[in-house]
Engineer: 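Let me give you the structure first, and then I'll get to my questions.
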Amino acid sequence: AQKVTQAQTEISVVEKEDVTLDCVYETRDTTYYLFWYKQPPSGELVFLIRRNSFDEQNEISGRYSWNFQKSTSSFNFTITASQVVDSAVYFCALKRGNFNKFYFGSGTKLNVKP
Amino acid sequence: KAGVTQTPRYLIKTRGQQVTLSCSPISGHRSVSWYQQTPGQGLQFLFEYFSETQRNKGNFPGRFSGRQFSNSRSEMNVSTLELGDSALYLCASSQEGETYNEQFFGPGTRLTVL
């Protein structure tokens with residue numbers, strides 16, 4: 001069975017602080033894909049990043065970075081120098097290699113205060 | 001390129017009624033998936049259509065059904081509405097091919113059942 005766990009329900013930080021959102025996944029597949037999506041109050045899910053199971057290279061995109069570790073089944077997301085506009089709910093998701101079906105975590109609500 | 005569009009954006013129905021939601025995918029995308037988002041259950045996969053055929057299905061009762069047209073537009077129908085069907089219904093589209101592409105989400109239809 002596939003499962004994605006985001007243990008942090010809600011996080012509050014002050015602007016310019018760094019924050020890490022945790023994601024732990026479960027799957028027996030060898031080929032799978034991991035995603036992060038951002039959901040602002042408007043409701044639309046915005047794609048942030050995709051990683052496949054064969055690529056453990058960490059990635060940095062501006063203030064965002066992702067740490068993928070297969071040994072711990074984790075795909076954590078760090079925002080450096082957070083901004084108020086980063087306030088949103090962030091979802092981690094898993095997609096099996098042969099199925100176009102996403103398994104989402106329960107989401108982490110990030111509040112960035114000025 | 002226009003994004004995924006969903007209509008209507010908001011809907012209020014009463015128990016026992018039925019409802020039809022519409023989704024227009026990004027031009028060229030042939031896969032359309034539907035998700036239900038509720039505070040209690042989070043984001044749950046309903047079904048996926050590809051080339052007018054249901055390809056994947058989640059664990060929802062038969063009251064939830066869908067279809068896809070030759071132009072890839074999709075509709076989702078819920079019959080005999082229950083209070084628990086109140087949710088944000090998100091549609092996502094992706095390009096042909098199952099194994100790698102992220103899904104692009106629409107803004108959702110917020111359904112309230114009274």
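Lettering follows sequence order; numbering is per chain, from 1.
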Engineer: Closest heavy-atom contact between S53(A) and T31(A)?
Structural biologist: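 Distance-wise, the nearest heavy atoms are OG-CA, 3.3 Å.
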Engineer: Y64(A) vs F77(A) aromatic rings, parallel, tilted or perpendicular, using cut-offs 30° and 60°?
Structural biologist: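 Because their plane-to-plane angle is over 60°, the rings of Y64(A) and F77(A) count as perpendicular.
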Engineer: Out of curiosity, T112(B) OG1 to D85(B) CG, how far, rounded to the nearest 0.5 Å?
Structural biologist: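 It comes to 11.5 Å.
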Engineer: Sort by residue number and list every residue of residues 34-46 of chain B having at least one heavy atom under 4.5 Å from chain A.
Structural biologist: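 The stretch touches chain A at Y35(B), Q37(B), L43(B), F45(B).
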Engineer: With a sphere of 6.0 Å drawn around CZ of R110(B), does it hold more than 12 non-hydrogen atoms of other residues, nucleotides or ligands?
Structural biologist: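 12 or below, so no.
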Engineer: Below 30° counts as parallel, above 60° as perpendicular, anything between as tilted: where do the rings of Y25(A) and Y32(A) land?
Structural biologist: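 Because their plane-to-plane angle lies in the 30° to 60° range, the rings of Y25(A) and Y32(A) count as tilted.
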Engineer: For residues 63-72 of chain B, give me every residue with a non-hydrogen atom less than 4.5 Å from any non-hydrogen atom of chain A.
Structural biologist: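 From residues 63-72 of chain B, none sit under 4.5 Å of chain A.
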Engineer: Of the backbone (N, CA, C, O) and the side chain (C-beta and beyond), which part of S42(A) lies under 4.5 Å from a heavy atom of chain B, both, or neither?
Structural biologist: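 For S42(A), backbone heavy atoms alone lie under 4.5 Å from chain B.
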Engineer: Aromatic rings F91(A) and F104(A): how do their planes relate, parallel, tilted or perpendicular, breaks at 30° and 60°?
Structural biologist: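 Perpendicular.
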Engineer: Take atom NZ in K3(A); do more than 12 heavy atoms of anything else shown fall under 6.0 Å from it?
Structural biologist: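 No, not enclosed.
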Engineer: Taking atom CD as the centre, does E10(A) end up with more than 12 heavy-atom neighbours from other residues, nucleotides or ligands that are less than 6.0 angstrom away?
Structural biologist: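 For E10(A), atom CD is crowded (more than 12 foreign heavy atoms under 6.0 Å).
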Engineer: Flag yes if more than 12 heavy atoms outside K109(A) fall under 6.0 Å of its NZ atom; otherwise flag no.
Structural biologist: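 No - once you tally the heavy atoms of other residues, nucleotides and ligands closer than 6.0 Å, there are 12 at most.
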Engineer: Return yes when atom CG of L114(B) has more than 12 non-hydrogen atoms of other residues, nucleotides or ligands closer than 6.0 Å, and no otherwise.
Structural biologist: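 Counting neighbours around CG of L114(B), more than 12 heavy atoms of other residues, nucleotides or ligands fall under 6.0 Å, so yes.
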